[in-house]
Amino acid sequence: MKRPNNARSGTEELVTPELVERCKQGDETAWTKLVEATQREVYTLCLRVLRNPEDAAEATQDTYLKVWRGLKGFRGDAMFTTWLYRVAMNAAISRQRSRSRKQEHETSSDDEMLAQLPGLESIEAVAGARIDVKILEKGLDRLPEHYRSAVVLRDVYGCSIEEIADALKITQTAAKVRVHRGRKQLREMLWPQISDEEEAT
Amino acid sequence: MRHAEVRELLPAFVREGHAEAEVKAHLATCDSCNDELSRYVALAGSLASLRDGTVDVPPDLTQRLFAIPTESSRLGVVKEHVTRNRTAYLGGAAAALAGVGVAAWRIRRHATA
């Protein structure tokens, strides 16, 4: 089932510092609650980066393993969900990296997979422009992998350039360039009929 | 400032807000560059809104996630066991070596005496 409402704010309310503290002390009931509250967002993030349900499942499992092991060192000064998404992002990226080393994977527009992604109704976007989410997803899908992860992390999940650079093991300048080029390519895919030259003259 | 130069900066203008005075000045008077900017604004808004939707997690994955504490502690027990045994083994090996050394020393001493 799709849940197009504000899953985000709900998640942050459910994950209280007390719940995190109980998990730190090894409380398995608390852990179950924590997983229930956050797994959809983590899995969706992995699916968005990896575009393949099996890989996304593996990356999600990697994420929670790391979180469970790292909980002891987690200090309450950072927001738990922020940390969680950072771990998820890293897990997804490192799986992506090992995948592209191993094989030429099929990330081509698998309509079944695309249909799984949420929010297929079109969005009434700002400035009167309408972007069909299905078309946006297709555009993201056609974006070269290294641009896509940068754009997804920056523009969908609001990560900072610094975080993206760290995760992708590239310089901040390179991260900025990838975001920039990714946005440009997306824009060209979404409005192919309107080219720079045509309009600028 | 030329259209092409302005357009090159627009993808960054949207979110990072690189508001150079020159770009702003150009945008204030150029309709077509403003249209281009609004496309990037629409794109940014649409991308951000993607986050608000999430998909169902496969049930078997959820079960695996729930099981992590149990699995980890089982793994932890195994690891601890191996570590302890390794220590014991290494200790034993060291003792044996020491024994051999002492014996050899005694034999040599005996031989030279």
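In what follows, chains carry the letters A, B, and so on, assigned in the order in which the sequence lines appear, proteins first and then strands, with residues in each chain numbered from 1. Values reported hereafter were calculated over all heavy atoms of this structure, with side chains retained and with hydrogens, waters and symmetry mates removed. For clarity, every value in this text was computed on a predicted model and none was experimentally measured.
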Contacting moiety of B/Leu65, where chain A heavy atoms sit under 4.5 Å: both

By side-chain contact (heavy atoms from CB on, under 4.5 Å), which residues pair with A/Thr173, not counting sequence neighbours? A/Thr171

Under the side-chain contact (heavy atoms from CB on, under 4.5 Å) rule, collect the residues that match up with B/Asp31, sequence neighbours excluded.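 None.
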
Pick one of side chain, backbone, both or neither for [X], based on which atoms fall under 4.5 Å of a heavy atom in chain B.
X: A/Val152; value: neither
X: A/Leu65; value: both
X: A/Leu140; value: side chain

Looking at A/Tyr85, I'd like to know if the NZ or CZ of B/Arg51 sits under 6.0 Å from its six-membered ring centre while staying within 45 degrees of the ring's axis. yes

Please confirm whether the backbone N or O of B/Leu37 pairs with a side-chain atom of B/Arg7, one donor and one acceptor, at under 3.5 Å? no

